[in-house]
Every structure is written in C-alpha cells, then in structure tokens.
Asks: 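Submitted below is the structure of interest, expressed as structure tokens.
Sequence lines set the chain letters: A, B, ... in the order given, protein chains first and strands last, and positions in each chain run from 1.
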Number of protein chains: 2
Amino acid sequence: MSRKRFPSKRPGLGQRNTRQRDVILDVICSARGPLTAAGILPRAAKRIRGIGIATIYRTIKLLLEQERISAVILPTGETRYEAQGLEHHHHFQCTRCGQVFCMDFCPFTKSGFARLPRGFRVESHSVTTYGKCPECGK
Amino acid sequence: MSRKRFPSKRPGLGQRNTRQRDVILDVICSARGPLTAAGILPRAAKRIRGIGIATIYRTIKLLLEQERISAVILPTGETRYEAQGLEHHHHFQCTRCGQVFCMDFCPFTKSGFARLPRGFRVESHSVTTYGKCPECGK
DNA sequence: CTTTGTGCAAAGAATTTGCATACAG
DNA sequence: CTGTATGCAAATTCTTTGCACAAAG
C-alpha cells in the first residue's frame, strides 16, 4: 500500500561504480522524455547484454535516493523517470500529443504565471500538497 | 501497463441494485477524503460481513464508468477514489499519518493561499498542469 | 426462472527480494 | 581478498478474472 518515499539508506549501498549504473543513468538522462522501467531495459540491454530488470529497478531506487533522477507519475498512474534538474519544477502534459514537459514555473509563488513558457495553454491542473494535518501538527 | 480508463461498457452490466454497490458508493462519498481500494474494504466490511476485495474493485470500475466517482492519482502513484461532482479542488496528504484531505483552495487563483484551512501546514507540493503545448496549440 | 452480481481463489502485471555468483576496489 | 552488485527466479503487492453459487427483478 503505502510505498516508502525515502527508504532509509542502508549503509554500504551505492558504493561502487558499475557499467550497469553508468549506462542506466545515461539512458535516462539522454532520453527525450521520461522513461518507464520497462522502457529503460531494452535501451540499456543494447549496451549491456543480459542486464536484468531487477538491476534496472535497484538502480532506479539508488538514483532516486541520490537525487540524480526523479520520478514522474502520469495521470494514468504510469511511473517514469527523468534526470533530476536542480531547480524546483513541475510538469505539463499535452492533452493532444501526450508529451510531458518540464516547466520551471511554480504556482506557489506570486509570479507563478509569469514563468509559464510562451505557447503553452493550461487547460487543467492537478495539485497535491504535503504537510501536517491538524491532528499530526501538534 | 496502460490501464484503461473507460473500458467499453459491456451491455448488461451495472443493471442491478445491490447492497454492496450502495454501501461502497456511500463509503466513498461520505469519507473525508479520497480512499484507496484497500481503505474502502474495511469500511464496507463493517456493514456487509464477508464482502470481498474483488467486489470493491469491480464496483469501483462500475462507478467510474457511470461517472459517479473519480480516481485521484497521487504523485506517489497511489490511486484513490472520491465522489464525483465535487467542486474544483485539490488534495493534501499528511506526511505523518498519510491521510488525504480535500482542500477547496486552488493555488491558481490569486487568493489561493487564503483558502488553506486552519491547522494545515504545507511542507511540499506537487503540481501537474495539462493543456496544449506550442505545437499542438496551433 | 433468467441473468447479473458476489465471494473465493487463482491468474496477471509491476516491483521487490533471496541467494549464489561476478566483479569493483 | 572482502564485501558490494548482478542475474535469475521466487516472492510481494495490487488488481483482474474464472467459476460456482447467491440473489435481483
């Protein structure tokens, strides 16, 4: 049910430089858009014969912990991964072509709208905030 | 992977009024915020001994097709369900207890912040906007 | 009665984990 | 060498489906 967001880092993990990790990170970072785990596998397999899906998932988890990639969850519930930019950003999905874009605007700043790139027309949006509810905030 | 959002309605389905359907709809509609399928089960089971998780899922699908409830997919990928026809709103998840609340504020209005209920403390948020990208907007 | 709906258990799909082996440092 | 990382397959988790029985109309 509740998926752990930031699993406690087990000491002694993510210590070594392996070809698998390099390739998986590169596949994610050089893709045109965010990829699913299943989409990463064949791309990585072209460069490393026999790489397994478990390695893809384990590496994704590691890269997420290291904040080198971030997860993008589409409205269908599909999880994809993209390179982690340093700046706080959100996403925009075109309702016609389905492409997902990164937007450097944030509606939580007063000038949020000003930072919406030219040409993008917002039709709807979904916002989820996280924090402490009244009972837990005491 | 891609979950069908509105499967073709098979004729002859959703014809009958059953206690299970009434109770499941009521559980979803009278909750404080959107519920997961697993969260609906125990609430419905209090009123109908022996109700099964398969019935929860089948009824959720039916209610979605009838547009009596809608799915809320949180940025964690967790899928929840809430009554349909509520006013435009967003959600707030407590980072401690995990509960999800409906918030009638919207950051896309100038006075958005003023409508954040007392006692809720925002720590982070995630926003996805939908619309037409430059190429598709022509 | 006839047909749809339900509960149970098995099947699927996506992701995680255990374990023996491979390999980085 | 020592201990981490990988690949495989089994295990989990969440959701769907097949089937026989229950129940709505």
Side-chain angles (χ1 to χ4, degrees), chain A residues 1-25 27 34-42 44-45 47-66 68-69 71-74 76-81, chain B residues 1-25 27-28 34-42 44-66 69 71-74 76-81 98:
Chain A
M1 159 105 286
S2 59
R3 194 178 310 167
K4 255 203 213 143
R5 213 81 80 73
F6 295 109
S8 56
K9 302 190 187 188
R10 291 125 295 176
L13 237 61
Q15 314 270 288
R16 294 182 182 174
N17 239 15
T18 66
R19 189 158 154 56
Q20 284 81 343
R21 287 175 185 177
D22 287 346
V23 166
I24 291 170
L25 178 59
V27 161
L35 300 174
T36 59
I40 293 166
L41 181 60
R47 301 205 240 160
I48 303 179
R49 66 290 133 74
I51 189 170
I53 189 69
T55 299
I56 303 294
Y57 280 111
R58 278 188 285 229
T59 301
I60 283 172
K61 181 172 285 183
L62 187 69
L63 294 171
L64 284 171
E65 285 170 12
Q66 297 177 341
R68 306 229 269 162
I69 62 171
V72 177
I73 297 186
L74 300 182
T76 50
E78 190 181 69
T79 306
R80 287 168 175 261
Y81 305 92
Chain B
M1 169 95 280
S2 60
R3 197 177 306 162
K4 252 203 216 147
R5 214 81 82 71
F6 295 109
S8 56
K9 303 191 183 184
R10 291 126 295 177
L13 237 60
Q15 313 271 289
R16 292 179 186 177
N17 239 18
T18 67
R19 190 159 154 55
Q20 284 83 341
R21 288 174 184 177
D22 287 346
V23 167
I24 292 170
L25 179 59
V27 161
I28 294 171
L35 300 174
T36 59
I40 294 166
L41 181 61
K46 277 183 192 161
R47 300 205 240 160
I48 303 178
R49 68 285 136 70
I51 189 171
I53 190 68
T55 299
I56 303 293
Y57 280 111
R58 277 187 286 229
T59 301
I60 283 172
K61 181 171 286 186
L62 187 68
L63 293 171
L64 284 171
E65 286 171 11
Q66 297 176 343
I69 63 172
V72 176
I73 297 184
L74 300 180
T76 50
E78 190 181 71
T79 307
R80 288 170 174 257
Y81 305 92

Asks: Find the distance B:Q66:CD to C:dG5:C1' and express it as a whole number of Å.
Replies: 13 Å
Asks: For a quick test of reading the model, state the closest non-hydrogen atom pair linking B:Y81 to B:I60 and the distance between them.
Replies: CE2-CG2, 3.4 Å
Asks: How close or far is atom C1' of D:dT16 from atom CG of B:L64, stated in whole angstroms?
Replies: 14 Å
Asks: Give the B/S/- string for nucleotides 19-25 of chain C, one per nucleotide from 5' to 3', where a protein heavy atom under 4.0 Å of the base yields B, of only the sugar-phosphate yields S, and otherwise -.
Replies: -----BS
Asks: How close or far is atom C1' of D:dA5 from atom CG of A:D22, stated in whole angstroms?
Replies: 13 Å
Asks: Ignoring the backbone of A:I51, work out which of D:dT16, D:dG7, C:dT15 is nearest its side chain.
Replies: D:dG7
Asks: Looking only at non-hydrogen atoms, find the nearest pair between A:T55 and A:I24 and report the distance.
Replies: O-CD1, 4.0 Å
Asks: Both A:T59 and A:I53 contact DNA chain D. Which one's nearest nucleotide lies toward the 5' end?
Replies: A:T59
Asks: How long is the line joining CD1 of B:I48 and C1' of C:dG5, in whole Å?
Replies: 12 Å
Asks: Just how far, in rounded Å, is P of C:dA14 from CD1 of A:I73?
Replies: 15 Å
Asks: Rounded to whole angstroms, how far apart are CG on A:L25 and C1' on D:dA5?
Replies: 17 Å
Asks: May I ask you to test the A:R21-A:N17 pair for a side-chain heavy-atom distance under 4.5 Å?
Replies: no
Asks: Starting from the 5' end of DNA chain C, give me the residue, A:Y57 or B:A54, whose nearest nucleotide shows up first.
Replies: B:A54
Asks: Please check the phosphate of D:dG7 (OP1 and OP2 only) for any side-chain N or O of A:Q20 closer than 4.0 Å.
Replies: yes
Asks: What integer distance in Å separates A:R80:CZ from C:dA14:C1'?
Replies: 15 Å
Asks: Quick one: A:L62 CG to C:dT16 C1', roughly how many Å, whole number?
Replies: 15 Å
Asks: For a quick test of reading the model, state the closest non-hydrogen atom pair linking A:A38 to A:P42 and the distance between them.
Replies: O-CD, 2.9 Å
Asks: With distance as the sole test, does A:R19 use its side chain to make a donor-acceptor pair with the main-chain N or O of A:R47 at under 3.5 Å?
Replies: yes
Asks: Given side chains that start at C-beta, do those of B:T59 and B:L63 come closer than 4.5 Å, heavy atoms only?
Replies: yes
Asks: Considering residues at least two apart in sequence or located in another chain, which fulfil the side-chain contact (heavy atoms from CB on, under 4.5 Å) criterion with B:I53?
Replies: B:L41, B:I56, B:Y57
